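Heads up: the structure comes next, in structure tokens.
Within every chain, numbering begins at 1; the chains are lettered A, B, ... in the order of the sequence lines, protein sequences first and strands thereafter. For clarity, every value in this text was computed on a predicted model and none was experimentally measured.
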There are 2 protein chains.
Amino acid sequence: MQNECVTSDLNEQSILNLDEQMCFALYSASHAMTKIYKPLLAPFGLTYPQYLVLLVLWQKDQMTVNALGERVFLDSGTLTPLLKRLEKLALITRKREAIDGREVIIALTSLGQSLRGDVVHIPASVSCNTGCTLPEIKLLNQQLIALRAHLNSNLNAVKAAR
Amino acid sequence: MQNECVTSDLNEQSILNLDEQMCFALYSASHAMTKIYKPLLAPFGLTYPQYLVLLVLWQKDQMTVNALGERVFLDSGTLTPLLKRLEKLALITRKREAIDGREVIIALTSLGQSLRGDVVHIPASVSCNTGCTLPEIKLLNQQLIALRAHLNSNLNAVKAAR
DNA sequence: CGCAATTATATTGTGCACAATTTATTTGTG
DNA sequence: CACAAATAAATTGTGCACAATATAATTGCG
């Protein structure tokens, strides 16, 4: 699981240079992206993480909190209050599962379903702001998904070792 | 400033597919990266954003809050409490500028300076977890910096229009 | 000089993120 | 059936992020 780590021959000064840290480019680009979404989602009273949850539900309605969390990589500590806000907006319902009383099923309301049509134009609008062509975006998407997969698998390996 | 937005001929179902949203890959990869850093920084009592601020100060000591914020793309609302925590850790000092009493100068303590040597190995350790080669990391870094630049310039354009 | 506009930082309030813990329920094993 | 282990959500506490506002100091212009 552990890759061979080739220690680079970069000079000492350069190693901690902020602009050479891919982690920082990732971090700052992600925040910039969220800021681009903010004014586009604000008319609907939505935040970016709330929008992500809705994307999942529009693909597959009626999911448990856990299943939702696995899709968006968030846990109940983040999702529970977020889902309560979506419930307050009347976009979703939260219902205890009848058979397994531990589960809570998240389902779209008709308002939540209809919202899909109102936001469907947003991704195209955002992609305009990226300065990337569609193929470039697709490539970057694949690179980031692969990166995420490696990071998460190493995270899980660390946790399993404990 | 506005790019021409070629509307893709993707089918309606696919447009809002979570796994095709580069924004989400960015968002989730960034959080995964922060989680990789967490156990590496925890021994020093540092969070990832605090580490970023230290990276800036190790490059150039004695900066105002604003100047720091421009480097890490964070504002005083985020930085003021973060810097107070670094001060409490005795890693930095916060001093009002004598000539311009509005500015606060952030400076490393000797402890803060010496910490650099303790964390200098971390980037190499992280890069092992990315599953990427060094050239791949460098390329991704450049792509993300370019993306961030486009997003931020469009954000500023929106703000200027108000 | 006087004072309005600007600038720098701090504060407030909302909403994530996440580790750690708690509560409630179900499942597996004797 | 009993009950320990496992599972699913919710809760708690800390630390970002950021918009909006407040506070304080400086600058520029008449």
Side-chain angles (χ1 to χ4, degrees), chain A residues 24 27-39 41-42 45-53 63-70 72-89 94-106 151-152 155-156 158-159 162, chain B residues 24 27-39 41-42 45-53 63-70 72-89 94-106 152 155 158-159 162:
Chain A
F24 173 61
Y27 166 93
S28 50
S30 173
H31 286 303
M33 182 64 87
T34 302
K35 286 191 203 174
I36 287 283
Y37 268 93
K38 183 163 266 199
L41 294 172
L46 290 176
T47 65
Y48 180 68
Q50 290 168 8
Y51 166 76
L52 292 181
V53 166
M63 299 182 76
T64 65
V65 174
N66 252 354
L68 259 173
E70 277 172 28
V72 293
F73 301 97
L74 295 172
D75 66 7
S76 72
T78 301
L79 285 176
T80 296
L82 183 154
L83 292 169
K84 286 182 178 171
R85 279 174 218 117
L86 287 180
E87 188 182 33
K88 199 173 285 181
L89 289 173
R94 301 162 64 242
K95 271 200 283 260
R96 281 281 158 193
E97 226 284 324
I99 296 154
D100 189 336
R102 293 168 301 182
E103 297 182 340
V104 168
I105 307 292
I106 307 300
L151 295 174
N152 280 335
L155 273 170
N156 291 334
V158 168
K159 282 180 188 168
R162 277 191 279 127
Chain B
F24 172 62
Y27 166 92
S28 50
S30 173
H31 286 303
M33 182 65 87
T34 301
K35 286 191 201 174
I36 289 283
Y37 268 93
K38 184 165 266 199
L41 294 173
L46 290 177
T47 65
Y48 180 69
Q50 289 167 9
Y51 165 76
L52 290 180
V53 165
M63 297 183 76
T64 65
V65 174
N66 251 355
L68 259 173
E70 278 172 25
V72 292
F73 301 98
L74 296 171
D75 67 7
S76 73
T78 301
L79 285 176
T80 296
L82 184 154
L83 292 169
K84 285 181 178 173
R85 280 174 217 117
L86 287 181
E87 188 183 33
K88 198 174 286 180
L89 290 173
R94 301 163 62 244
K95 272 200 283 259
R96 282 281 160 192
E97 228 282 325
I99 296 154
D100 188 335
R102 294 168 300 182
E103 297 181 341
V104 169
I105 305 293
I106 307 300
N152 281 335
L155 273 170
V158 168
K159 282 180 188 168
R162 279 190 280 128

Gap separating the CG atom of L79(B) from the NZ atom of K84(B), nearest 0.5 angstrom:
12.0 Å
dC16(D), OP1 or OP2 - any side-chain N/O from Y27(A) closer than 4.0 Å?
no
Once the angle between the rings of H31(B) and Y27(B) is folded into 0 to 90°, is it parallel (under 30°), tilted (30 to 60°) or perpendicular (over 60°)?
perpendicular
Using a heavy-atom cut-off of 4.0 Å across all strands, would you classify L46(A) as base, sugar-phosphate, or nothing?
nothing
Which residues in residues 29-36 of chain A have a heavy atom closer than 4.0 Å to any atom of DNA chain D?
H31(A), K35(A)
Nearest-Å distance, CD (E70(A)) to P (dT7(D))?
12 Å
Determine, step by step, whether L41(A) and T47(A) satisfy the side chain to side chain contact (heavy atoms under 4.5 Å, CB included) criterion, reporting the C-alpha distance in whole Å, the side-chain angles of both residues, the deciding distance to 0.1 Å, and the verdict.
CA-CA 6 Å; L41(A) 294 172; T47(A) 65; over 6 Å; no
Closest heavy-atom pair, G45(A) versus L89(A), reported as atoms and distance to 0.1 Å, is O-CD1, 3.7 Å
L68(B) CG to dA17(D) P, straight-line distance once rounded to whole Å:
15 Å
Might you point out which heavy atoms bring P81(B) and S76(B) nearest each other, and give the distance in Å?
CD-O, 4.0 Å
For every nucleotide of nucleotides 5-12 of chain C, 5' to 3': is a protein heavy atom under 4.0 Å from its base (B), only from its sugar-phosphate (S), or from neither (-)?
-BBSSBB-
For V65(A) and L68(A), run side chain to side chain contact (heavy atoms under 4.5 Å, CB included): C-alpha distance rounded to whole Å, both residues' side-chain angles, the deciding distance at 0.1 Å, then the answer.
CA-CA 5 Å; V65(A) 174; L68(A) 259 173; 5.7 Å; no
Any non-hydrogen side-chain atom of T64(B) less than 4.5 Å from a side-chain atom of V104(B)?
no
Nearest whole angstrom, please: distance from the C1' of dC16(D) to the CG of D75(B).
11 Å
How are the rings of F73(B) and F24(A) set to each other: parallel, tilted or perpendicular (split at 30° and 60°)?
parallel
In whole angstrom, give the distance that lies between atom CD1 of I99(A) and atom C1' of dT7(D).
16 Å
Starting at atom CG of L74(B), determine the distance to atom P of dA17(D), rounded to an integer number of angstrom.
6 Å
Whole-Å distance between dA10(D) C1' and I106(A) CD1?
12 Å
Among dC16(D), dG15(C), dA17(C), the nucleotide that comes nearest once only the side chain of P49(A) is considered
dA17(C)
For Q50(A), report the nucleic acid contact type (base, sugar-phosphate, nothing); a contact means any heavy atom under 4.0 Å.
sugar-phosphate
Looking at side-chain heavy atoms only, is the closest gap between T78(A) and P49(A) below 4.5 Å?
no
How long is the line joining CZ of R85(A) and C1' of dA10(D), in whole Å?
14 Å
Which residue lies more 5' along DNA chain C, comparing E97(A) with F73(A) via nearest heavy atoms:
F73(A)
Rounded to the Å, how far apart are Y48(B) OH and dC16(C) C1'?
18 Å
